[in-house]
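Everything on this sheet refers to the single structure shown next.
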Amino acid sequence: MIDLKLLQKDFENVSAALMRKKVSPELIDELKARNEALKTAKAAFEEAQAAQNEMSRLFPQYKKEGKDVSELKAKLDANKARIGELQEAQREAEAALDALAMKIPNMPDADVPDGADENDNVEIAKVLEPRRFAFTPKEHWELAETNGWIDFERGVKVAHSRFAVLNDMGARLERALINFMLDFNRERGFTEMSVPELVNSRALEGTGQLPKFEEDLYKTDGEDLYLVPTAEVPLTNLFQDEIIPEEALPVKMTGHTACFRKEAGSAGRDTRGIIRQHQFRKVELVCITRADDSDRVFDEMVQCASDLLKALELPHRLVTLCTGDLGFSAAKTIDLEVWLPGQNTYREISSVSNTRDFQARRAKIRYKEGKKNLLAHTLNGSSLAVGRTMVAIMENFQNEDGSIEIPQVLHKYL
RNA sequence: GGACAGAUGGCAGAGCUGGUUGAAUGCACCGGUCUUGAAAACCGGCGAGGGUCAUACCUCCCAGGGUUCGAAUCCCUGUCUGUCCGCCA
């Protein structure tokens, strides 16, 4: 959630930032008005309550002195009714504000480029030269088929479209990649975690998937549990409602989960292959930092993901997302796009975001600095989407006969 | 799934015959005295959110509702935890 105090104090700049993320001026005005309405309602309610408390305190005194309490009681009864009304009004104001505020995205950082969509993202670096092929490189689904690594039909049979089965070497490669990535991250100081893959709505609100993006989530029937769309949700929310001692920061975690997404709104996109599945595995990085340390940790995470690709000998580029492509919770995001020779293009394989205190305010993640409790900064980044990494390996390491080499670093994992 | 017990500040643990109790006490932690230094001892501080220039003031003793002038304390519902039984990877 954005800082409503800041909105009140520095309306010009906050609204300008929100408008860069395409929040309408009307909505921003409404947010401000509702915030002020709540303040007014709260003041009235608390005033009536203070009066009630004060009068109530007279009660034991009166009794001790043997005085008649009936008049006092009448006054209290009258005020009590008023309190009820004022409380109701306060609650309504609060609910109205909340409903709106929870759907307002984070403010982009000042250095995030303006832009309408992904075409306006800004490339900041290229790492490794794409290999030159003496033949026309094939796309991964063709390679997967000839090598017998992926069974698309049977995935659909047991589940639904956009589900696939990995056979034999495909399954082993997936497992090898997960192990390799987790080890790689661990060596860089990230603590390996294994977390629930079903989470409650409070957690999803904390990281920003709810209330706005419910249609993208798989929900269990009759229970407040959703399948995780990313390990970011359980990992970040591990610290909800906590005040972390300063010396424990930064918290650096890595974990692997399956991720489940309905992909609502992407009908027809990437229907072939395993680029866009309802279920995929991902190794994630999540960090919680002091407010003044998140930029440094952000760079560290980007570097970590890039080095991982480098270790796998996969050419890629780093791209800063423009305001139009930035996610709901992110203040800044750098995508890593891997080169896919079969598709002759770069495709997203990792995405590292700094949400600043946006998620921390929702999930109440704080840290202690001296005597003060401050909102932490939370960051998340894929250490790499495993399925897309397999796609990248297939396409970049293919031979003319359709066989596939395995990157050197994975040999000991297979 | 059945039966019983419980949920209080960072932890432990009182209070639960309803009224300055936001909450005793111990530990931990922070500051100070003492000490060559450390420990011990002693003194002081020490939950969170809102509000205010700062006070005042309001809220929070799992959550929600109720009784009452007044609830951590009584009643109801839910959630979670523990123990025993059943079931099970």
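To find a chain, count down the sequence lines: A is the first, B the second, and so on, and within it residues start at 1.
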A/N53 side-chain N/O to B/C57 phosphate OP1/OP2 under 4.0 Å: no
Axial cation check for A/F11 ring with A/K32, 6.0 Å and 45° limits: yes
Spacing of the C1' atoms in B/U17 and B/G86 (rounded, Å): 40 Å
Nearest-Å distance for atom pair CD/P, residues A/E46 and B/U52: 10 Å
Ion pair check, A/K252 and A/E300, cut-off under 4.0 Å: yes
Inter-nucleotide C1' distance (B/C46, B/C29), Å rounded: 8 Å
Out of B/C69, B/U59, B/A48, whichever nucleotide has its closest atom nearest the side chain of A/R366: B/A48
Pairwise P distance for B/U25 and B/G45, with rounding to whole Å: 11 Å
Counterpart base for B/A39, defined by Watson-Crick or G-U wobble contacts under 3.5 Å: none
C1'-based separation of B/C4 from B/G47 [nearest Å]: 33 Å
Whole-Å gap separating P (B/C80) and CG (A/L225): 10 Å
Gap between atoms CG and C1', on A/N373 and B/C46 respectively (whole Å): 12 Å
Whole angstrom value for the distance that separates C1' of B/G50 from CG of A/D3: 14 Å
Sugar-phosphate, base or nothing in reach of A/N79, heavy atoms under 4.0 Å: nothing
Nearest-neighbour nucleotide for the A/I243 side chain, B/C69, B/A48, B/U59 considered: B/A48
Gap between atoms CE and P, on A/M55 and B/U20 respectively (whole Å): 18 Å
Flag for A/S266-A/E263: side-chain donor and acceptor within less than 3.5 Å: yes
Gap in Å between the two P atoms, one belonging to B/U21 and one to B/U77, rounded: 33 Å
Modelled atom types, side-chain donor and acceptor of A/Q209 and A/T207, under 3.5 Å: yes
Identity of whatever pairs with B/A71 - Watson-Crick or G-U, under 3.5 angstrom: none
Side-chain H-bond candidate by donor/acceptor type, A/N106 with A/S329, under 3.5 Å: no
Sugar-phosphate, base or nothing in reach of A/R202, heavy atoms under 4.0 Å: nothing
Out of B/U59, B/A48, B/U68, whichever nucleotide has its closest atom nearest the side chain of A/K80: B/U68
A/K42 vs A/R57, nearer the 5' end of RNA chain B by closest nucleotide: A/K42
Listed nucleotide nearest any side-chain atom of A/A50, set B/A48, B/C57, B/C69: B/C57
Between A/S294 and A/R356: side-chain donor-acceptor atoms closer than 3.5 Å: yes
Any strand: nucleotide that pairs with B/A12 via Watson-Crick or wobble, under 3.5 Å: B/U25
5′-ward residue of the pair A/K39/A/E54 relative to RNA chain B: A/K39
Pairing nucleotide - B/A48, Watson-Crick or G-U, each distance under 3.5 Å: B/U59
Pairwise P distance, B/A63 and B/G10 [rounded to whole Å]: 14 Å
Sugar-phosphate, base or nothing in reach of A/K75, heavy atoms under 4.0 Å: nothing
Sugar-phosphate only, base, or nothing, as touched by A/R91 at under 4.0 Å among non-hydrogen atoms: sugar-phosphate
Rounded interatomic separation in angstrom, taking CD from A/Q90 and C1' from B/G50: 10 Å
Under 3.5 Å donor-acceptor, A/Y367 side chain and A/P250 backbone: no
Length of the line joining A/K9:NZ and B/C53:C1', which is rounded to integer Å: 13 Å
More than 12 heavy atoms of other groups within 6.0 Å of A/R154 CZ: no
Distance test, side-chain N/O of A/K368 to OP1/OP2 of B/A48, below 4.0 Å: yes
Distance, P atom - from B/G13 to B/U8, rounded to whole angstrom: 9 Å
Spacing of the C1' atoms in B/C53 and B/U68 (rounded, Å): 40 Å
Separation of atom NZ in A/K5 from atom P in B/G49, rounded to whole Å: 10 Å
Who pairs with B/U81 - Watson-Crick or G-U, where each distance is under 3.5 Å: B/A5
Pairing partner of B/A89 (Watson-Crick or G-U wobble, both distances under 3.5 Å): none
